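A quick write-up on the structure given underneath.
Please read all numbers here as calculations on a predicted model, not as lab measurements. A, B, ... follow the sequence lines: proteins, then strands. Residue 1 opens every chain.
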Amino acid sequence: MLQPSPILLNLEKVGVTYPNGHTAIENISFTLQGGTICGLVGVNGAGKSTLFKSIMGFVKPTSGTVTIAGLEVKTALRRNLVSYVPQTEDVDWNFPVLVEDVVMMGRYGYMGFLRHPKAADRLAVQDALERVGMAAFRKRQIGELSGGQKKRVFVARALAQGGKIILLDEPFTGVDIKTEDSLILLFRTLAQEGCLILVSTHNLGSVPAFCDQVLLVNKTLLAAGPVETTFTEENLAKAFGGMLRHRKLAGSDLHDDKDHRAVTVLTDDESALVFYGHQGDKKIISPEGGGDGSP
Amino acid sequence: MISLLLEPFTYEYMQKAIWVSALVGGVCAFLSSYLILKGWSLMGDALSHSIVPGVALAYLLAVPYAIGAFFAGILAAFSMTLVKQKTKLREDTVIGLVFTTFFALGLLLVSINPTSVNIQAIILGNILAISNEDIYQVVIISAICLICLGMFWKDLLAVFFDEAHARSIGLPVQLLKIMFFTLLSAATVAALQTVGACLVIAMVVTPGATAYLLTDRFGKMIVMSVLLGSLTAAAGAYLSYFLNASTGGLIVTLQTALFLLAFLYAPKYGLLKARRSLHQKTEKA
Ligand SMILES: Nc1ncnc2c1ncn2[C@@H]1O[C@H](COP(=O)(O)OP(=O)(O)O)[C@@H](O)[C@H]1O
Ligand SMILES: [Mg+2]
């Protein structure tokens with residue numbers, strides 16, 4: 001179901017210097033279009049969250065411009081083009097709001113003046129809750145959920161908002177593997193529906209498993225492009241410096257035949273990224289196994 | 001007996017006192033739903049003291065004192081948000097700082113110009129002696145508050161619950177916050193005349209706190225809070241006729257009594273309910 005003209009997110013030489021004088025990101029330019037899942041990868045403090053906030057206009061870029069579907073950020077937000085799931089929710093968990101009330105807030109932009117929900121809004125809320133597997137919790141007070149469940153509710157709110165661009169800042173932290181897998185499945189479906197999904201993560205192992213594109217950042221953009229060509233050992237070494245645990249298993253460590261291929265395992269703390277093969281034609285093996293590079 | 005119970009209604013000043021109190025009680029209770037959720041309970045108290053310099057100035061300039069009070073209140077509210085935004089001081093520190101500054105300024109003004117204001121009257125308030133002119137002020141303020149809150153209560157909830165998200169769906173966050181603090185200042189001024197500065201804080205805290213114990217839905221919380229606020233205010237004014245006691249004192253005592261009931265018997269968060277579920281659990285185990 002491809003859109004006639006996919007939505008575009010365009011950053012032109014964006015830089016952010018915080019009031020304390022710290023430059024968090026500088027000179028970041030890229031264009032992404034609907035129908036893709038893009039991974040935003042970088043160490044802690046690389047500026048991933050800052051990049052998201054500057055796309056949303058929550059921190060004003062000190063240089064450069066952000067355009068969304070050819071529009072200024074403010075206009076794009078008012079048209080509900082962008083949904084954003086921040087890294088940490090700065091909300092008060094004691095508010096007397098139920099899960100469904102929170103998700104309904106994603107629909108406010110579509111409602112009239114008194115924010116009275118129509119049938120379409122209720123449907124969107126129900127649908128969003130089902131997609132993240134939280135429909136059974138709709139009548140729970142928002143504070144009475146586990147960390148992972150809360151995360152899913154905020155993803156549902158982003159879905160209900162119906163943004164064509166969905167920004168997710170480290171959605172997998174504090175979420176169990178099963179939930180992570182179901183979220184990934186959901187992102188894939190959304191990308192097929194024409195959404196542009198930008199996900200920051202430091203969980204390298206899952207990047208090849210679900211991203212089409214990848215942006216490697218450390219203050220500035222180090223590399224950008226399709227996962228197959230950009231998500232390489234060399235680029236990752238650039239992005240992470242000495243921060244990764246690095247295991248290289250040479251052919252002789254692995255088996256007794258004349259095969260000289262080596263396995264490289266890169267991980268920071270979560271699931272490992274595995275390279276296997278000759279220097280020249282490295283294959284990426286997703287952690288679930290399989291892939292044509294396995295011995 | 002019946003005629004005795006109806007006696008307060010035969011006096012015009014009692015009729016006025018009852019319905020004006022109910023109106024103000026309702027408006028304050030509406031605002032209280034937001035204040036207690038944000039941990040801004042002391043804001044009402046702070047504002048009510050911060051308006052003293054405005055009142056003093058208004059007397060000096062011979063303008064209605066509600067106007068002076070209103071602007072001083074807004075100024076105080078904005079000083080608080082500004083200091084909060086620009087420093088990393090905690091909310092309670094900022095409130096304390098701003099409100100004592102304003103109050104001190106007010107005392108200074110009054111001491112320099114001693115005959116101008118009867119601060120005592122402001123601090124204690126007296127609904128039974130309210131003038132028609134003051135009633136107009138209170139009614140207009142209350143009507144504006146209720147209309148604005150009625151139209152924007154959901155937007156305000158979205159802003160106070162998750163400001164970042166409110167911005168991301170394109171709500172005018174700053175404008176809504178300014179509106180809220182303006183209404184709060186206005187309502188504080190109105191409440192001053194009914195219960196006095198000292199008890200305003202109870203009017204903008206207790207009904208919301210009671211309603212919070214009774215429900216998990218914000219909409220219901222507002223309705224309950226407003227009902228509690230206006231009924232207790234009306235009842236307080238009514239009872240003050242028989243007990244010959246301070247209206248403000250009676251209103252707040254009634255509100256506290258209802259809070260205690262909710263505290264003990266609320267279906268979900270009440271003390272007894274918590275005990276009971278604990279019992280059931282230990283019995284099962
Ligand atoms: N509000 C802020 N003021 C000053 N510096 C900040 C602020 N927020 C983040 N930073 C700094 O900017 C850099 C990037 O932070 P962030 O975008 O949160 O990184 P990431 O999300 O990739 O871990 C860090 O060095 C951090 O210390
Ligand atoms: Mg971050």
Looking at side-chain heavy atoms only, is the closest gap between [X] and [Y] below 4.5 Å?
X: A:Thr31; Y: A:Gln33; answer: no
X: A:Asn80; Y: B:Ile169; answer: yes
X: B:Ser185; Y: B:Leu47; answer: yes

*Hey, which of B:Lys220, B:His165, B:Glu163, B:Met151 has the most heavy atom pairs under 4.5 Å with chain A?*
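Top count of heavy-atom pairs under 4.5 Å with chain A: B:His165.
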*At a heavy-atom separation under 4.5 Å, does B:Thr215 approach chain A through its side chain, its backbone, both, or neither?*
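Contact with chain A is through the backbone of B:Thr215 alone.
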*asked:* With a 4.5 angstrom heavy-atom cut-off, is it the side chain or the backbone of B:Met221 that approaches chain A, or both, or neither?
replied: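 Answer is side chain: those atoms of B:Met221 sit under 4.5 Å from chain A.
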Just checking [X] against [Y], ring centres under 6.0 Å apart?
X: B:Phe161; Y: A:Trp93; value: no
X: A:Phe172; Y: A:Phe210; value: yes
X: A:Phe95; Y: B:Tyr212; value: no
X: B:Phe160; Y: B:Phe180; value: yes

_Region of A:Asp101 in contact with chain B, defined by heavy-atom distances below 4.5 Å_ =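 Contact with chain B involves the side chain of A:Asp101 alone.
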*Using non-hydrogen atoms only, which part of A:Val82 is less than 4.5 Å away from chain B: side chain, backbone, both, or neither?*
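The backbone, not the side chain.
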At what distance, to the nearest 0.5 angstrom, does [atom1] of [X] lie from [atom2] of [Y]?
X: B:Cys28; Y: B:Leu35; atom1: SG; atom2: CG; answer: 9.5 Å
X: A:Met104; Y: A:Leu129; atom1: CE; atom2: CG; answer: 9.5 Å
X: B:Ile36; Y: B:Leu31; atom1: CD1; atom2: CG; answer: 12.5 Å

_Quick one about B:Thr232 and B:Gln255 (side-chain donor to acceptor, distance below 3.5 Å, no hydrogens or angles considered), yes or no?_
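Present: a donor and an acceptor within the cut-off.
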_Residues in residues 47-77 of chain A near chain B [non-hydrogen atoms, under 4.5 Å]_ =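 So far as heavy atoms go, A:Met56, A:Phe58, A:Leu77 are the residues that approach chain B to under 4.5 Å.
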*May I ask you to list the residues in residues 139-158 of chain A that approach chain B closer than 4.5 angstrom, counting heavy atoms only, ordered by number?*
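If one takes a 4.5 Å heavy-atom cut-off, the residues of residues 139-158 of chain A near chain B are A:Lys139, A:Gln141, A:Ile142, A:Glu144, A:Phe154, A:Arg157.
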*Is the backbone N or O of B:Trp40 less than 3.5 Å from a side-chain atom of B:Tyr34, with the two atoms forming a donor-acceptor pair by type?*
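Here the side-chain-to-backbone pair does not exist.
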